[in-house]
Q: 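I'd like to ask you about the structure that follows.
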Amino acid sequence: MTRQFHKMHGLGNDFVILDGREQSIAMTTTLAKTLADRHLGIGCDQLILIEPSMIADVKMRIWNHDGGEVQSCGNASRCVVALTGAKTLETGGGIVEGSSQGSEVEVSLPPPHFAWDEVPLTYPMDTAKLPLAWGPLEHPMALSVGNPHLIFFVPDETKIDLEAQGPSIEHDPAFPERINVNVASIHEDGIHLHTWERGAGLTLACGTGACATAVAAIVQKKATSPVKVHMRGGALTISWAQGEPIRMRGGATLVFKGEIELEQFG
Ligand SMILES: N[C@H](CCC[C@H](N)C(=O)O)C(=O)O
């Protein structure tokens with residue numbers, strides 16, 4: 001059966017969005033991975049399935065490029081709000097609130113979690129094992145914004161070869177659910193951030209990575225709220241105070257609509 005999809009992106013972090021509210025779609029790891037494949041499928045960083053929800057306007061489910069289903073996706077949250085007009089999204093990371101603000105979309109993620117078993121961590125990561133090429137390293141900060149993030153503040157993130165170093169950190173045994181790896185530097189105009197995403201690799205932008213890094217910078221008094229987070233695909237404005245939801249504001253772009261026969265993928 002032919003199903004419509006929307007191809008969208010948030011600052012170049014791109015998504016294929018399917019709507020299973022009228023007619024359910026049985027998404028599988030294999031189907032998600034194939035749809036996300038840039039040769040065999042449509043191609044995206046994350047595959048998004050919208051479903052009915054009993055507790056929010058819609059339910060948003062997220063599969064990474066590698067087919068793994070995960071709890072939260074900041075850039076896709078903005079795209080789903082823009083596409084559906086939903087004001088609340090049920091996600092694995094909690095309820096996300098959102099509204100369109102002119103050409104941008106603002107979403108609020110639930111407050112971050114810092115406890116080691118909420119990130120989750122199995123034990124404090126042995127930074128001695130970390131790649132020394134990164135120069136004098138402060139101890140990285142690990143936190144959850146619905147999904148797990150590790151944040152390194154470095155002198156210059158453009159000098160870090162995340163493609164080479166990201167996978168070993170993503171898969172470090174300290175992180176039983178793996179982790180998203182963020183390297184960031186502090187500047188006059190805000191934070192400059194590169195992210196190696198769990199299950200998707202280097203992306204042009206990472207919404208939850210921007211939120212986690214902004215929270216870490218505010219906690220460590222390296223920045224004050226609101227803070228602009230600059231990534232290769234563009235910038236997000238993040239606002240947060242202790243105990244509060246994390247507000248993120250930025251673009252959400254519809255590139256094209258299409259149709260696809262899901263049965264062809266088995
Ligand atoms: N790779 C992330 C999911 C997508 C996050 C990112 N695309 C965003 O905008 O937040 C994870 O495995 O937790």
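Counting starts at 1 for both ligands and their atoms, in listed order.
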Q: Would you kindly specify which portion of S72 sits under 4.0 Å from ligand 1, judged on non-hydrogen atoms: side chain, backbone, both or neither?
A: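 Near ligand 1, S72 shows its backbone, while the atoms from C-beta on stay back.
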Q: Determine, using heavy atoms of G199 and all atoms of ligand 1, whether some pair is separated by less than 4.0 Å.
A: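 Checking ligand 1 against G199, which is what was asked, there is no heavy-atom contact under 4.0 Å.
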Q: Kindly assign one of parallel, tilted or perpendicular to the pair W240 and F114, based on the angle between their ring planes and the thresholds 30° and 60°.
A: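 Correct class here is tilted.
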Q: If we set the cut-off at 4.0 Å for heavy atoms, which region of N13 has an atom near ligand 1: side chain, backbone, both, or neither?
A: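 Within the 4.0 Å criterion, N13 contacts ligand 1 through side-chain atoms alone.
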Q: Would you kindly specify which portion of C73 sits under 4.0 Å from ligand 1, judged on non-hydrogen atoms: side chain, backbone, both or neither?
A: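 Answer for C73: both.
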Q: Of all the heavy atoms in N64, does at least one lie under 4.0 Å from an atom in ligand 1?
A: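 Right, N64 reaches ligand 1.
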Q: Which one of H194, H9, E197, Q46 satisfies the side-chain hydrogen bond (donor to acceptor under 3.5 Å, both in side chains) criterion with T203?
A: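 Exactly one pass, corresponding to E197.
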Q: Taking 4.0 angstrom as the limit, do E106 and R247 come out as a salt bridge?
A: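 So E106 pairs with R247 through a salt bridge.
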Q: Without hydrogens or angle criteria, can the side chains of N182 and H149 be said to hold a donor-acceptor pair below 3.5 Å?
A: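 Yes, H149 and N182 have a side-chain donor paired with an acceptor closer than 3.5 Å.
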Q: Any Lys/Arg nitrogen of E69 or R61 sitting under 4.0 Å from an Asp/Glu carboxylate oxygen of the other?
A: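 Here E69 pairs with R61 in a salt bridge, since their nearest N and O are under 4.0 Å apart.
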Q: Say whether G10 and ligand 1 are in contact under the criterion: heavy-atom distance to a ligand atom below 4.0 Å.
A: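 Not so, G10 does not reach ligand 1.
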Q: Nearest protein heavy-atom contact for atom 5 (C) of ligand 1: which residue, which atom, what distance?
A: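 Protein heavy atom with the smallest distance to atom 5 (C) of ligand 1: E197 OE1, 3.4 Å.
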Q: Check whether any heavy atom of D45 sits under 4.0 Å from an atom of ligand 1.
A: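 No heavy atom of D45 comes that close to ligand 1.
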Q: Which one of T208, T203, N180, I179 has a non-hydrogen atom at the shortest distance from atom 11 (C) of ligand 1?
A: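 Looking at heavy atoms only, N180 sits closest to atom 11 (C) of ligand 1.
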Q: Check whether the side chains of E261 and T2 place a donor and an acceptor atom closer than 3.5 Å, and report yes or no.
A: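 Yes.
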Q: Please check whether G74 reaches ligand 1 - meaning an N/O of the residue sits under 3.5 Å from an N/O of the ligand, judged on distance alone.
A: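 G74 vs ligand 1: N/O contact under 3.5 Å present.
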Q: Regarding K33 and D66, does a basic nitrogen lie under 4.0 Å from an acidic carboxylate oxygen?
A: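 A salt bridge is absent here (no side-chain N lies under 4.0 Å from a carboxylate O).
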Q: Give the numbers and elements of all ligand 1 atoms closer than 4.0 Å to a heavy atom of N75.
A: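 Matching atoms, with element in brackets: 8 (C), 9 (O).
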Q: Below a 4.0 angstrom heavy-atom separation, can you tell me which part of Q71, side chain or backbone, both or neither, approaches ligand 1?
A: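 For Q71, there is no contact with ligand 1 at all, from either part.
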Q: Salt-bridged, E97 to K87, with N to O below 4.0 Å?
A: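 Looking at E97 and K87, the cut-off is not met.
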